[in-house]
Amino acid sequence: MEKIVLYPSPGIGHLISMVELGKLLLSHSSSISSITILIANFPSLSSSYSSYISSVSASFPSITFLSLPSIPLLLGDPSNYEDVEHMLYEILRSNSQNVKQSLESISISSPVSAFIIDFFCYSAVEVSQTLKLPTYFFFTSGASALAFFLNFPVFDKIATDSYRNLKDSASFEIPGLFSVPASHMLEPMLDRGVSYHEFVKMAETMPKSDGIIVNTFESLEVKAVKGLKQGTCLPGTQIPPVYCIGPLFANRGAGAENNGEERHECLKWLDSQPSKSVVYLGFGSRGMFSKEQIWEIAFGLERSGVRFLWTVRAPPSQEKGANLSQPPDPDLDSILPEGFLDRTKDRGHVAKSWVPQIAVLGHESVGGFVSHCGWNSTLEAVDAGVPMVAWPLYAEQRFNKILIVEEIGIALPMDENEDWFVSSSEIEKRVKQILGSEGDIVRKQMLKMSEKGKIALNEGQSSNVALTALMESWIH
Ligand code: UDP
């Protein structure tokens, strides 16, 4: 019987993806006796984090959570960090000794078969390799993004300045895939601060693992999967086996009367709308806009005349460190243009901060999705077969925009100006297009990918075969 240890990075999105991976492993093989998930302490973990852990523990007795002791921040206060990623990498590195002790104690009765870590936890590789544990990365974005990440050390050697300064004067080629303008690089890598160097080191460490598990399916990202398997996307470096086991979803079915909770207001509203008539605007767990941009969205939606469901968050606070915790719910009357809610009440629904997205995308009335291009959101849209309008905001989302608009063809672009501001006329145009005949090509391609994604998970198909190969790799 096998014991598996998972090590997600803190943050609900990464934890949920890792738990889903754990559930998938358990459902695929009866030879797994236990899955232990190491939880690193992080200053801004919300109460939903611990309630999520309790609910998983109650439903899956083979999954155990092990909280690592909390560690004081080296810089004292979260506001002293340049960004969330800086703090995240530091906390995870400070935890190395705790991770080592946990792995040793879990191994006492019988050895650990595999140690699977999030890319943010790369500093744990040193520990697990000292203990001679098979160590795998779980990459929560796609295969193309993995090829992009693996090239960070190469880009680092050729970039003549910070990506922010280079803007569009330089672009960086992922061999066999496409070029990425400096302005579209990972948001925390735009300046050459601590996070930049951490990402480069992380990318140097990934190839030293026993394998990389990716939340995608082969037919969605054909070129990247081929490039990773044949090593052509990173010449001169041996890439370990890559296992594309997706699409894996967080919280499948959330929002429908799950756990006895009442159905979300927005779903009740969607029930009363005609089929495929609503455009949903949702920007992930952290997407926020300035008040000016919120107004521009409101004007665009109002002029477009389309039906919409829009999740609105309060604009970001200017206070240092404020982006490290969830903002309070917005006061809609003070941040939306006067009278907007009233004028659009017959065809629009505005939700505060959060909606059950998987249930929204799966709703019959939803026909288009204006998205920040987070990878989970993208896979959820693919699963539901809902075409997208790509409006990236942070992390690797500008890269994902190129991928889903130009390579896969499942999204229309939201064109931005130099400061990444989007005009109301662009918003008006795109929401109309995605629901109308101008969205036909991306809609058709999305439905095709949706079909392929469902097939990939079936027995004998690519993701299922990859999962079997992964599990065989640690047994032999
Ligand atoms: N999500 C949700 N409701 C919201 C916003 C987000 O359920 O109002 C979920 C969404 O379904 C997805 C995750 O949060 O599973 C966001 O992950 P993604 O990778 O798209 O973006 P991130 O939040 O990591 O930027």
Side-chain angles (χ1 to χ4, degrees), residues 8-21 23 42 44 46 48-49 52 83-85 88 118-120 138-142 144-146 186-188 214-216 246-256 258-259 261 263-267 269-270 279-289 308-314 316 323-327 329-330 349-363 366 369-384 386 388-401 403-404 410-411:
S9 91
I12 190 78
H14 286 245
L15 172 68
I16 292 175
S17 297
M18 198 60 110
V19 168
E20 292 300 319
L21 176 67
K23 290 188 203 165
F42 194 71
S44 61
S46 59
S48 62
Y49 201 80
Y52 171 73
D83 49 33
V84 188
E85 289 79 7
L88 201 52
D118 190 280
F119 68 79
F120 278 116
F138 176 42
F139 193 71
T140 44
S141 193
S144 311
L146 174 59
L186 221 57
E187 180 230 4
V214 192
N215 186 11
T216 191
L248 196 61
F249 294 108
N251 255 348
R252 203 178 258 281
N258 63 333
N259 302 334
E261 279 171 30
R263 202 151 179 268
H264 196 279
E265 204 52 42
C266 74
L267 296 174
W269 178 79
L270 283 172
V279 65
Y280 159 56
L281 298 92
F283 302 93
S285 56
R286 294 199 277 137
M288 281 182 246
F289 294 107
F308 65 87
L309 165 60
W310 177 20
T311 313
V312 175
R313 277 211 184 98
N323 66 346
L324 294 172
S325 53
Q326 283 292 330
D329 271 349
H349 184 90
V350 176
K352 288 184 186 178
S353 307
W354 192 260
V355 295
Q357 179 166 296
I358 294 179
V360 165
L361 288 169
H363 198 287
V366 173
F369 177 23
V370 179
S371 168
H372 75 318
C373 309
W375 191 245
N376 289 307
S377 295
T378 303
L379 289 180
E380 289 160 11
V382 169
D383 187 57
V386 176
M388 302 162 77
V389 178
W391 186 348
L393 300 176
Y394 53 89
E396 87 294 13
Q397 294 154 13
R398 295 194 197 286
F399 171 88
N400 288 344
K401 177 182 180 183
L403 176 72
I404 62 178
I410 52 176

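Every number for a ligand or one of its atoms is a count from 1 in the order of the listing. Note that the numbering runs from 1 along the sequence shown for the chain. Below, each value reflects all heavy atoms present in this structure, side chains not excepted, and no hydrogens, waters or symmetry copies.
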Identity of the nearest option to atom 5 (C) of ligand 1, non-hydrogen atoms only, from Tyr280, Trp354, Phe283: Trp354
Step-by-step side-chain contact (heavy atoms from CB on, under 4.5 Å) determination, Ser285 to Ile12: CA-CA 9 Å; Ser285 56; Ile12 190 78; 5.5 Å; no
Within-shell test, Tyr394 vs ligand 1, heavy atom, strictly < 4.0 Å: yes
Cation-pi, Tyr394 ring and Arg286 (6.0 angstrom, 45 degrees): yes
Subset of ligand 1 atoms that lie under 4.0 Å from at least one heavy atom of Gly374: 18 (P), 19 (O), 20 (O), 21 (O)
Per-atom contacts of ligand 1 with His372, taking only distances under 4.0 Å to non-hydrogen atoms: 20 (O), 21 (O), 22 (P), 25 (O)
Nitrogen or oxygen of Pro356 less than 3.5 angstrom from that of ligand 1: no
Protein heavy-atom partner closest to atom 8 (O) of ligand 1 - residue, atom, separation in Å: Val355 N, 3.0 Å
Top protein contact for atom 18 (P) of ligand 1, by heavy-atom distance: Asn376 CB, 3.7 Å
Heavy-atom side-chain contact between Phe249 and Asn376 under 4.5 Å: no
Between Asp329 and Ser353, a side-chain donor and acceptor under 3.5 Å: yes
Result of checking Trp269, Trp310, Phe369 against Tyr280 for ring pair (Phe, Tyr, Trp, His ring centres under 6.0 Å): Phe369
Ligand 1 atoms in contact with Ser377 (distance to a heavy atom under 4.0 Å): 18 (P), 20 (O)
Contacting atoms of ligand 1, where contact means under 4.0 angstrom from a heavy atom of Gln397: 25 (O)
Any N or O of Ser285 closer than 3.5 Å to N or O of ligand 1: yes
Thr311, any N or O under 3.5 Å of ligand 1 N or O: no
Nearest-option assignment for atom 10 (C) of ligand 1, heavy atoms, candidates Glu396, Glu380, Lys352, His14: Glu380
Nearest atoms (heavy-atom pairs only) where Gly287 meets Leu393: CA-CD1, 3.7 Å
Any side-chain donor near an acceptor of the partner, Asn400 and Glu396, under 3.5 Å: yes
Closest non-hydrogen atom pair, Asp118 against Ser9: CB-N, 3.5 Å
Under 4.0 Å to a heavy atom of Trp375 - the qualifying atoms of ligand 1, by number: 19 (O)
Pair Tyr49 and Phe42, ring centroids less than 6.0 Å apart: no
